[in-house]
Amino acid sequence: MAESPFSEEEYAFLRHVRFGEPPKLVRPEERVELTETDPRRDRPEPAGDSTRWELRNGA
């Protein structure tokens with residue numbers, strides 16, 4: 001088996017350099033339920049008035 005080019009401590013240092021400090025852990029009693037209020041992000045914003053699109057598409 002080939003030996004790793006870095007030790008665990010070196011890998012930990014490289015992760016820290018690349019990603020910085022990890023976020024603090026949230027305790028269960030500090031957690032809150034979130035409600036989605038922003039528009040869906042999986043679909044683009046509608047462009048223009050819907051009646052113009054109907055005219056353009058022959059609807």
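Partners of Thr35 under the side-chain contact (heavy atoms from CB on, under 4.5 Å) rule, at least two apart in sequence or in another chain, do not exist in this structure. Qualifying salt bridge (Lys or Arg N to Asp or Glu O under 4.0 Å) partners for Arg18, counting only residues two or more places apart in sequence or in other chains: none. Residues satisfying the side chain to side chain donor-acceptor pair (under 3.5 Å) test with Glu30, not counting sequence neighbours, are none. By the side-chain contact (heavy atoms from CB on, under 4.5 Å) test, Phe6 pairs with Glu10, Tyr11, Leu14, sequence neighbours left out.
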I'd like a table of donor-acceptor pairs (distance under 3.5 Å, sequence neighbours excluded) in which one partner is a side-chain atom from residues 19-27, with atom names and distances.
residue	atom	partner	partner atom	Å
Arg27	NE	Glu29	OE2	2.8
Arg27	NH2	Glu29	OE2	2.5

